[in-house]
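Input: a single structure, listed below in structure tokens.
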Amino acid sequence: MPTSTEGTTHGRGEADLDQRIDLYRMMVEARVFEELAYRMFVAGLVKGTSHLAIGQEAIAAAFAAAMRPDDLTFCTYRGHNHTLLRGAPPSRLMAELFGRGSGICGGKGGSMHLTDASAGAMGSYAIVGAHMPIAVGAAWAAMERGTGQTAVCFFGDGATNIGAFHEALNMAAVWSVPAVFVCENNQYMEYTPIRSVTAVENPAADRAQAYGLDSVLVDGNDADEMFHTARSAIDKARAGGGPSLIEASTYRHGGHSRADPGTYRPDDEVADWKARDPIPAYRERLLAAGVEAQRLAEIEAAVDRTMHEAVEEAKAAPLPPTSAIGTNLWADGGSAWRN
Amino acid sequence: MPTSTEGTTHGRGEADLDQRIDLYRMMVEARVFEELAYRMFVAGLVKGTSHLAIGQEAIAAAFAAAMRPDDLTFCTYRGHNHTLLRGAPPSRLMAELFGRGSGICGGKGGSMHLTDASAGAMGSYAIVGAHMPIAVGAAWAAMERGTGQTAVCFFGDGATNIGAFHEALNMAAVWSVPAVFVCENNQYMEYTPIRSVTAVENPAADRAQAYGLDSVLVDGNDADEMFHTARSAIDKARAGGGPSLIEASTYRHGGHSRADPGTYRPDDEVADWKARDPIPAYRERLLAAGVEAQRLAEIEAAVDRTMHEAVEEAKAAPLPPTSAIGTNLWADGGSAWRN
Amino acid sequence: MAELITYREAVARALAQEMERDETVYFIGEDVAAAGGVFKTTTGLLERFGPRRVRDTPISEEAIIGAAMGAAMNGLRPVAEIMFSDFLATCWDMIANQVAKTRYMTDGQVELPLVIRTANGAGVRFGAQHSQSVENWAMSVPGLKVVAPSTPRDVIELMAASIRDPDPVVFFEHKALFPTKGPVPDGELVGELGKAAIVRSGADLTIVALAAMVPRAVAAAEDLARRGVEATVVDLRCLVPLDTRTLLAACSQTGRVFTVEENPRLCGWGAEVASIVMEEAFFDLDQPVIRITTDHIPLPSADCLEDATIPSVSRIVEVVEKTLD
Amino acid sequence: MAELITYREAVARALAQEMERDETVYFIGEDVAAAGGVFKTTTGLLERFGPRRVRDTPISEEAIIGAAMGAAMNGLRPVAEIMFSDFLATCWDMIANQVAKTRYMTDGQVELPLVIRTANGAGVRFGAQHSQSVENWAMSVPGLKVVAPSTPRDVIELMAASIRDPDPVVFFEHKALFPTKGPVPDGELVGELGKAAIVRSGADLTIVALAAMVPRAVAAAEDLARRGVEATVVDLRCLVPLDTRTLLAACSQTGRVFTVEENPRLCGWGAEVASIVMEEAFFDLDQPVIRITTDHIPLPSADCLEDATIPSVSRIVEVVEKTLD
Ligand SMILES: Cc1ncc(C[n+]2csc(CCOP(=O)(O)OP(=O)(O)O)c2C)c(N)n1
Ligand SMILES: Cc1ncc(C[n+]2csc(CCOP(=O)(O)OP(=O)(O)O)c2C)c(N)n1
Ligand SMILES: [Mg+2]
Ligand SMILES: [Mg+2]
């Protein structure tokens, strides 16, 4: 794996610069969407709970950029950014958080269960680790059907201690399925530091060998490094080279969920990580690479506009009809359990 | 870990020779008991199923010899030998296989659920991997209560691919509990070679690092090596050195269970392993070490007598009364779910 | 013409019929391929359909169900075997929280055409962790269809229907029935989920049964007939969807209803059936619905204890007769 | 004197009372120590009893229950928290196959004094995987005692009884009740498992409820009273052991019985209760037992949908009134 991303991004030429600008745009989209989601939460418009990934955008953006439209994403309750960046319409995502009928899941899923199958976003799973074996299956089907798809599965550091992680990685390796497993190591479970409950220092990378996989540890806040890592793992999977397990170190700027002020984290730790915010750092890098400030400012303005419009649309969206309760349990559209 | 056992047994002096003779006796006890169990099966006296460990006796004998009376054993449905060698009365074990009222579990457990808590044999568990977290808990309680006990947990190669294995080893390591995990790698699950479904060559040893543990791979058919390995792991645990994960390579001479002729195994593989039968090899070694053939012959005869008597006792034992159905679900001795 | 085959053979025949018809049907499980299954229910499938479509898995129940679910999302129609139904507990999250809920949570975006096959029930002295009847676990979770056939023909017809069904089905095969034989016509067989069978008609009372309890209910009915009491026997076959039409009609006609359940007593399928029948046919009943069940205990392994725990023909007859005088 | 405390505070008080009394009581779970629990139900316990007796675990539900079981075998009385009851599915094998069956399988050799605490139920818009009421899962497994309190006082009294009980108890705390307040006397409080409470007495009908459905049943009863209909409300409090004496007496007196259940409809605790009541009080009933339940679907997350899915006060009143005219 690359340690210096400059090395890899140079020599990729102009096209790459456009790609990198696109990466920047995606990170900004995720950031603005989640900042708005948070404000809507405080305003009481988002129901239930919500888990923000502010600070972790480089990972979602890099993979979304590296994936093919028909590739499949599996993520967790902390999945706004993954679902959005695969192409789910922001207004319908926001509407889902609001519990509106126009929500991406008709209001039945909520913040923890965002799914847009048409965009390859195959679901946010709210039970830790459960989606990992599911991603194995999706990749297995791609392999058997020869579709050339890959499945990318995002999970947290805490998920590395649950049984499903172990079962999924072993099966993925034995069957050599085209899957990429990405541990977004943001250093904490809900409120507990991952170090305090894990037998190894790097919860995913230090376990790769247990599945015959390479140990891959990357800076999850460096969009270039993430993109390169993502692309090589996806290319490898698509080429029949089997699964990869990637550990990307990152940090969530806020608490675990809306309920959590995150006070259990040392101030200086938070400050250090905020200083390593992936977005401003990348902006600097692009400017250094010769991108005009003007161009970035336009992108930021456009994203801001889109996302604010999305919020307004969501606000205007109707509630789901009560009749929706009984729909879409079964393929026949209903939910009857008797005749 | 020792590679040459002579090196370790020499210099331990006479006491060691007695210990080794005792090891031999225990292996013979397990072998004779299981050979009789098999015959009783064919005779229709053993009900349900039974999983023999003929060929794997060195592991059970070595650990039973190395354990303290108050140490706790957790094993699988393939647990006749572990339960017997911890000190469970053979007649009541056989009676349990026969489904008799005098059975060690009153006939409620059967071959797959042999338990003799008074001997520290805390159960044979019939769901793969489930007993591993339970062993962690028993060891944790020993640590918290300062009893100096250790918990020894035996499991098969196939169990290394189930989630409970992963969760148990991580927690055991993080909490540094006095537990020893022993993988009896007999090369097969039920009928499937472990290699064909596992991402690493040594299903347990190659995963030790994922839990920050040393990789320990030993010859499970060498009673001296097993004993030394067992003793050091148990001593380490008792001294507060935390858990160990040991992979002992071995082989079952027969099929997985009474239903299985074992035809899926290449004849020469079976022949090779039978040539490495732990018992005759150890007998030779003892003779070479100067033990008189006479002494071993007496031991063999005595064991044979005891086990045949056990069978006769079990045959004579009464069936459990039907009323037993309703007893011992609850601590009050009954099974009422209503008033 | 119809030939006699075993319930065991019917499983392999059903899978072969569907795998032959539809190349997206894949089959995975522990020891199912090379070994043909520990109950020998899938013998010959590997030879016929090859190692890609018939695949041995590690002992990883969560991964087995997860793999089936993910594959169902992406164009396959997987059949996954969980060797013993007791082990459904080791992957219950995948079944009850993931498989069952995903179509609903996504408001219909994700289709999950998959079948989970498992060997259910007692009678073989395997003890408490290998003998449970847990069809009520599946029945209690919205989003799962639940099938439990009692004859070789139903095994084929309902397995075919389950594999073709666009929704997830948990298919309970009964261990004790594997060696039993029944007539099966030649050619492709496809049944329909959610249709109970009237196995026997009698005017005096109705016995509602499932899987291995069906032959016992029939034997009890024949015994009762010799004593001049005529019983209707209903084989539910599916718990979800539940054929309440057939059930209620059969119960109203006789006014005396008994369930015969292998599951432990509390919250079994019989509790649901009894509640429905009493709520919807209350004024047609001459007496309360009486549930004949396994005691509410784990299953003991000793043969004499196991036999005394599960509803037997004689116990069914006794309970029925007690209510008659 | 009695003070008003929340259901949430009652949990910590109950645990503190028992940990103070018995040093073999240990408490483990995810984020329970330093963070005081994600529902803040265990705040202060770490400070008071230290990091050995109050311990944060990895996200390893099987290991959490397994550790509690093994510790219970070896001299501790562990209390293990499973954060949301939905996650019981991730360790269902440990609960249903190991914890529940071991004493019986060993014919009483192994005692398992342990408590599994979990946050159950809906009302907080967490969606299908964080809102289930699964007390019926536990009720259907022989070998588990099942408790689900509805008031702060019951939380303390029944938690103390559960911790002192020599058998495994699954203790369901209801998420929606955490902020609710109730009077609690000073001093040590210990209740008794298996005793239902008559929360309200009325001659016209009986409503049987559990946990968060109890206040709704009471509210419905008060509403009905304003319309001249007097209802008895039974709070079951424990599903195992089940206080059938109190239940049957309360049902026979009025002859009109309704259950109010948060669990999805099929095979809920109400199906068992309805079956028992109809079987044993059949001729005292003026009408069938009517079950008012959550629909048989996964729970939708949108607030308006969730509210319309779970039995509401108005729905209870409606259903009752329909049967009266
Ligand atoms: C099986 C399971 N156990 C516990 C939880 C509760 N829970 C939700 S998120 C979380 C922390 C997960 O931490 P991590 O995997 O690092 O992901 P992050 O939230 O940091 O993105 C926990 C314990 C759950 N959802 N599922
Ligand atoms: C969770 C679970 N899955 C499947 C089984 C069925 N089963 C019983 S033994 C066995 C093979 C276990 O192999 P291994 O762990 O190597 O132990 P061995 O039998 O070789 O001693 C299987 C699959 C089970 N008992 N539990
Ligand atoms: Mg994390
Ligand atoms: Mg093996």
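Chain A is the first sequence line, chain B the second, and so forth, proteins listed ahead of strands; every chain is numbered from 1. What you see is a predicted model; the values in this text were computed from it and never measured.
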Residues A/M171, C/I64; criterion side chain to side chain contact (heavy atoms under 4.5 Å, CB included); working and verdict = CA-CA 9 Å; A/M171 187 180 277; C/I64 290 168; 4.3 Å; yes
Given side chain to side chain contact (heavy atoms under 4.5 Å, CB included), test C/N74 with A/R145 step by step and report yes or no.
-> CA-CA 9 Å; C/N74 196 22; A/R145 293 173 52 230; 3.4 Å; yes
Evaluate the side chain to side chain contact (heavy atoms under 4.5 Å, CB included) criterion for residues C/M73 and A/F74: first the C-alpha distance (whole Å), next the side-chain angles of each, then the deciding distance (0.1 Å), finally the verdict.
-> CA-CA 12 Å; C/M73 284 182 168; A/F74 294 84; 3.7 Å; yes
Are C/D107 and A/T115 close enough, and set up right, to give a side chain to side chain contact (heavy atoms under 4.5 Å, CB included), and what steps lead you there?
-> CA-CA 9 Å; C/D107 203 24; A/T115 300; over 6 Å; no
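Between C/Q98 and A/I127 the shortest side-chain heavy-atom distance falls below 4.5 Å. Annotation: side chain of A/W140 is in contact with side chain of C/I28 (closest heavy-atom distance under 4.5 Å). Side-chain contact between C/E23 and A/E144 is absent, with no heavy atoms from C-beta onward closer than 4.5 Å. By the 4.5 Å heavy-atom criterion applied to side chains, C/R103 and A/L329 are not counted as neighbours. Considering only heavy atoms from C-beta on, C/M105 stays 4.5 Å or farther from A/K108 through its side chain. Taking the side chain as every heavy atom from C-beta outward, A/I134 and C/M94 approach each other to under 4.5 Å.
When heavy atoms are compared at a cutoff of 4.5 Å, A/A126 does not approach chain C at all. The contact between C/L144 and chain A is made entirely by backbone atoms, counting heavy-atom distances below 4.5 Å. With a 4.5 angstrom heavy-atom cutoff, A/L72 touches chain C only via side-chain atoms. Using a 4.5 Å cut-off between heavy atoms, C/A72 makes no contact with chain A at all. Only the side chain of C/R55 comes within less than 4.5 Å of a heavy atom in chain A; its backbone stays farther off. Heavy-atom distances place no part of A/E96 under 4.5 Å from chain C, backbone and side chain included. Residue contact with chain A, scored on non-hydrogen atoms closer than 4.5 Å, involves the side chain of C/K195 exclusively. For C/I276, the part lying near chain A is the side chain, with the backbone staying farther off; criterion is any non-hydrogen pair under 4.5 Å. Contacts between A/A164 and chain C at a heavy-atom distance below 4.5 Å involve backbone atoms as well as side-chain atoms. Neither the backbone nor the side chain of A/I162 comes within contact range of chain C; no heavy atoms are under 4.5 Å apart. Both the backbone and the side chain of C/D243 come within less than 4.5 Å of a heavy atom of chain A.
Most heavy-atom pairs under 4.5 Å with chain A: of the set C/M69, C/E111, C/R52, this distinction falls to C/R52. With chain A as the partner, the residue from C/L112, C/N97, C/L76 showing the most heavy-atom pairs under 4.5 Å is C/L76. Among C/G108, C/A63, C/G194, C/P113, the residue making the largest number of heavy-atom pairs under 4.5 Å with chain A is C/A63. Your options are C/G70, C/P58, C/A68, and the one with the most heavy-atom pairs under 4.5 Å with chain A is C/G70. Counting heavy-atom pairs closer than 4.5 Å to chain C, the top-ranked of the candidates A/A135, A/A130, A/A324, A/A168 is A/A130.
In this structure, C/D167 contributes its side chain and A/A331 its backbone to a donor-acceptor pair below 3.5 Å. A donor-acceptor contact shorter than 3.5 Å is absent between the side chain of C/Q109 and the backbone of A/C105. Looking only at distances, no side-chain donor or acceptor of A/N339 sits under 3.5 Å from a matching main-chain atom of C/P241.
Distance CH2/A/W175 to OG1/C/T57: 6.5 Å, rounded to 0.5 Å. Note that the CH2 atom of A/W337 and the NZ atom of C/K145 stand 14.5 Å from one another [nearest 0.5 Å].
The residues C/E280 and A/R338 are annotated as salt-bridged, a charged nitrogen and a carboxylate oxygen being separated by less than 4.0 angstrom.
Around CZ of C/R245, the count of heavy atoms belonging to other residues, nucleotides or ligands within 6.0 Å does not exceed 12.
Here the two rings, on A/W330 and C/Y104, have centers that are 6.0 Å apart or farther.
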